[in-house]
Every structure is written in C-alpha cells, then in structure tokens.
Amino acid sequence: MAAPERKIPAPEANPETRPFWEAAVAGRLLIGKCTACGKPHYYHSYSVMRRVPAPYALAYVTLDEGVTMMTNIVDCDLDGIRIGQRVRVSFKPTEGGPPVPMFTPDSS
Amino acid sequence: MTIKGKAYIAGVFEHPTRKADDKSLAQLHAESAQGALADAGLTRQDVDGYFCAGDAPGLGGLSMADYMGLKLRHIDTTETGGSSYVIHVGHAAEAIAAGKCDVALITLAGRPRAEGMATGTAPRNYGAAPDVAFEFPFGPTVVNQYAMAAMRHMHQYGTTGAQLAWIKVAASHHAQHNPHALLREVVTVDDVVGSPMISDPLHRLDCCVITDGGGSIIVVKPEIAKRLKRPRVRVLGAGEAVKHQMGGQVDLTYTGAVWSGPAAFAEAGVTPADIRYVSIYDSFTITVLLTLEDLGFCPKGQGGKLVSDGNLISGTGRLPFNTDGGGLCNNHPANRGGLTKVVEAVRQLRGEAHPKVQVSNCGLALAHGTGGSLGTRHGSATLIMERE
C-alpha cells in the first residue's frame, strides 16, 4: 500500500535569505560564500518519523564543504538509511514556494 | 561575585493536577504560587521578586503580577524553554545577593492535555525565527529531533535501545510510590523496546508524559530562611549555557551541560562524586543519558553502561535519579520539566521524598534542566543545592 504523499510547507524568504531561495529555484544549493551543487555528501544523523500518515526521514547531512544542515532523505527505502552513507542533493517542490534541498542516497 | 550560600530555597510546590479542564492557565500559576508560599510559611505580601517564562499568559510577568496582586521591585522573564525555571533559581539567587529582592517567586503552569496538543509529533512553526525557513519544510518535531541525537549516540558509542530503556524502567520504579504520578505501573526493558516506534530509535515509552499542571519555587535571602520553620536548602552553585548549531558545526553527541555543569560545580566547590541525588530533565530517555555524561557522572560515551541494570533506582542503584517518577512517568507540566526537577531535589534534601525512594543522608543534590531541542538549539541549566 502506498503511503499518502507528504505536503512540504513553503519556506518564507527574508530579504537577507532571498539569494539562497532564488538559487534553489535554479537548482543550486548555496552555503556561506561558496556554491555547491550536485556533489555527494553524507549523513550525520537521521530519524524516520513513524507515527504519522506519511512516514519521512528527518536528517542532518554534512556537506563536503564542512557544514551540516537539516534536511529530509527522500526517494529511497526509509529502512535502508544508515549514518555515513553518501547522498546527493535533490530539490523538491513546496506548496507555493521555492523548492527545498533534500537528499537521496548516492548510487554512483 | 558568587551566589554560593547567598540564597535559600524556602518553599516548593508541585500542582497535583495532571488534567486541568476546569482551570485557567493563570489560575494554575496562582494556585502553584499559593502552594509554594504556604510551604515556606510566607504570604504573597512577602514577595518582592517574580520570575516566569514563556508559559505565562498575556504579557507574562506583567499579567501574572497583576492577577496575583504582587508588589514587585524585581522581575525576570528569562525564557529558555523547559530549562527556564532552573535558570530562574540561579537568577533569583543573584538578585538576592545583589540586594534587588528578598523573596523571589517562580511559577510555571500549562494545560497541553486539556488543549489536546500534539506535543511531540506535530512540527512547530516559530514564525519569524530565523531558522524556520531552513527547518520547518523538513518536518522537525520534538521527538524526531531528539531521536536524531539518540541515533548519533548509538552510531558513535554503540549505545543500545535496551540501555536507554533502563532510564524509563528506573523512573517507573519510583513513580509506583507517587500517588500523583500519571503512570504508576512498573515497566521492564522489554516493555520499553516493545512499545511502538515513534521516531527511530525512540519508542513510545522513551518519551515523557504530556500533563497539565504547574509548580512554584520560593527563593529567599539567608536572614529570612533562618526564621522560617522549614528544613533549610542552600543554593551552592548554578550554571547556564545555550547550545545551538554553531554555524553548521552540528554535533548531536553532547549537550549544553558540558558548559553549565562545570560552571555549577566550580561555584559550588564540589564534584560529581559528592552528589547524593540527581534530578535530570527527562523529556526523553536520551536526554538523561547525554546529560549524565556531560555533567561528568561517567566518561563520554559510557552513559549506556551508567544507566543500565537499575543503577538509577533509589535504594539499589549508585546514582538515584528523578525519584518522583520524573517527566517519563510522573509529570511534565506545560511540556516544561525544569521546575519539577528542582521540587523533587528539594524534597530529597529535606528528607520529604516518599520513604520508599528517599535517599539516605541526602545532603547534596543536583537539578538539571534542558529546554528547546537537543537537535537544534537548547538552554541548559545546572543547579547544586545542599541541606544545611
């Protein structure tokens, strides 16, 4: 049985964070002063939220650039997630806002 | 300036209700205040300092001072979530030491059960907070954030679900003797790890209860404490800290207790080995394990071993904790457990805990509060008290 799809709330951009969200629309993940897109990264930790209609994985992913960010792990078997696995950014649409950076296991 | 010995906890009260359909939030605050004042042998006319946090209705301290009819010369509404009230005791001692007030009243109350709040499993949106856009879309809840801390600790140190379960088991052994506790049934490790998974690796019985209620603490200057008729509990040291994401340098394996703990121990002039009883904030089992490690009760990573095999059970274990049943079994009023941590520590120091859980010769106790989320940003408060 397919789980119901989880709706992703839109992030609200502030004047100072607008460049981040404009880049997200273009499929780029901005951090600090440098741009990183498409590179593999890895999990710091995660947890699969079970007691909701559509289970999902909250996670912290550490980018190769050194920062750790909150995100979701998507498009994979939630039971197969392990700390330390390599992942790749994948922008997902939100409800009426810019897309948000999520991650999927890196198979390359 | 140090607060060591400059203030006493003269009164404490834990509201007996666990579901307050018929009481307002302000009334729960006021009833709690009344209870602590009666315990101390004081009246509201004696109060000249008031402390409350984000759970207080309306304009917080202003609304409550008006409602309770307080004449104040000192007010402090420091808000660090569930750790606020432990911080308030330290701040009250500072204010008393500086001559800014003589009798400080601290109150907490809330009614999340009556309001049907999905405390742990619904993402919270803190509006204009700068982190919201970068977190809320991903569904952070209270439970899955703490769960990530537990998952990381398991990955890094080999901590197991059974070891975490021992924390709940110990709390349940204590709660069976507390007639006010929400959950009085003794549970086993198998009960905990066999309960439904909420967010990996935390099961339902790894999570604290949701209760209505409140509590209150009275902190006074030494001259007043000495003329009251209650056993005297002296404030020895306090430490507070804030831990956050540190610009993307997230490390979920430790808490702000690594900073608040040493500060409190240094001010008190004691070490973890001297402590006879600990009240440790227990929003989840993992909260207790990380805090005990960070306060120095065992080497980092060894918390699983420390809490196992009944080591936290009063009478048999070497580190009795949360003898009222804690947030895991007894009470977590307003989803904020810091105040009740101080209350049970004071009961222990006075020798007024339930006889089945009273620690013998309990002369030195520690209470620790954690507020906010271990997964993102939290306040950490450590308080050390002694029986005089």
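Worth saying up front: this structure is predicted, and the values here are computed from it rather than measured. Chain letters run A, B, ... following the sequence lines, proteins first and then strands; every chain starts at 1.
In terms of heavy-atom pairs under 4.5 Å with chain B, the best-connected choice from A/Arg50, A/His44, A/Met49 is A/His44. Top candidate by heavy-atom pairs under 4.5 Å with chain B, chosen from A/Ile8, A/Thr94, A/Val48, is A/Val48. Note on A/Ala10, A/Ser45, A/Pro9: by heavy-atom pairs under 4.5 Å with chain B, the leading option is A/Ser45. Heavy-atom pairs under 4.5 Å with chain A were tallied for B/Val143, B/Asp251, B/Asp200; the largest tally goes to B/Asp200. Most heavy-atom pairs under 4.5 Å with chain A, from the set B/Ala147, B/Ala128, B/Ser199, B/Pro201: that is B/Ser199. Across A/Pro11, A/Ala13, A/Ser47, the residue that shares the most heavy-atom pairs under 4.5 angstrom with chain B is A/Ser47.
Between B/Lys341 and B/Asp282 a salt bridge is recorded (basic side-chain N to carboxylate O distance below 4.0 Å).
Qualifying ring-ring contact (aromatic ring centres under 6.0 Å, His included) partners for B/His378, counting only residues two or more places apart in sequence or in other chains: none.
No more than 12 heavy atoms of other residues, nucleotides or ligands shown are found within 6.0 angstrom of NZ on B/Lys305.
Looking only at side-chain heavy atoms (C-beta outward), B/Val242 and B/Trp259 stay at 4.5 Å or farther from each other.
Looking at A/Tyr46, both its backbone and its side chain come within 4.5 Å of chain B, counting heavy atoms on both sides. With a 4.5 Å cut-off on non-hydrogen atoms, B/Gln145 touches chain A through its backbone and its side chain both. Contact of A/Arg6 with chain B is made through the side chain alone, with heavy-atom distances under 4.5 Å.
Ring-centre distance between B/His332 and B/Tyr281: below the 6.0 Å cut-off.
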- Does the ring-ring contact (aromatic ring centres under 6.0 Å, His included) test come out yes or no for B/Phe134 and A/Phe20, once each step is laid out? CA-CA 10 Å; B/Phe134 298 93; A/Phe20 178 92; 5.0 Å; yes

- Pair B/Arg184-B/Asn330, side-chain hydrogen bond (donor to acceptor under 3.5 Å, both in side chains): steps then yes or no: CA-CA 8 Å; B/Arg184 296 186 66 190; B/Asn330 170 31; over 6 Å; no

- Passes side-chain hydrogen bond (donor to acceptor under 3.5 Å, both in side chains), B/Asp191 versus B/Thr188? Steps please. CA-CA 5 Å; B/Asp191 290 335; B/Thr188 66; 3.2 Å; yes

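The cationic atom of B/Lys243 (NZ for Lys, CZ for Arg) lies less than 6.0 Å from the six-membered ring centre of B/Tyr254 and within 45° of the ring axis.
For a heavy-atom cut-off of 4.5 Å, chain B lies close to A/Thr68, A/Met70, A/Thr71, A/Asn72 in residues 68-76 of chain A.
Here the rule is side-chain contact (heavy atoms from CB on, under 4.5 Å) with B/Thr285, and of B/Val169, B/Val192, B/Leu202 only B/Leu202 fits it.
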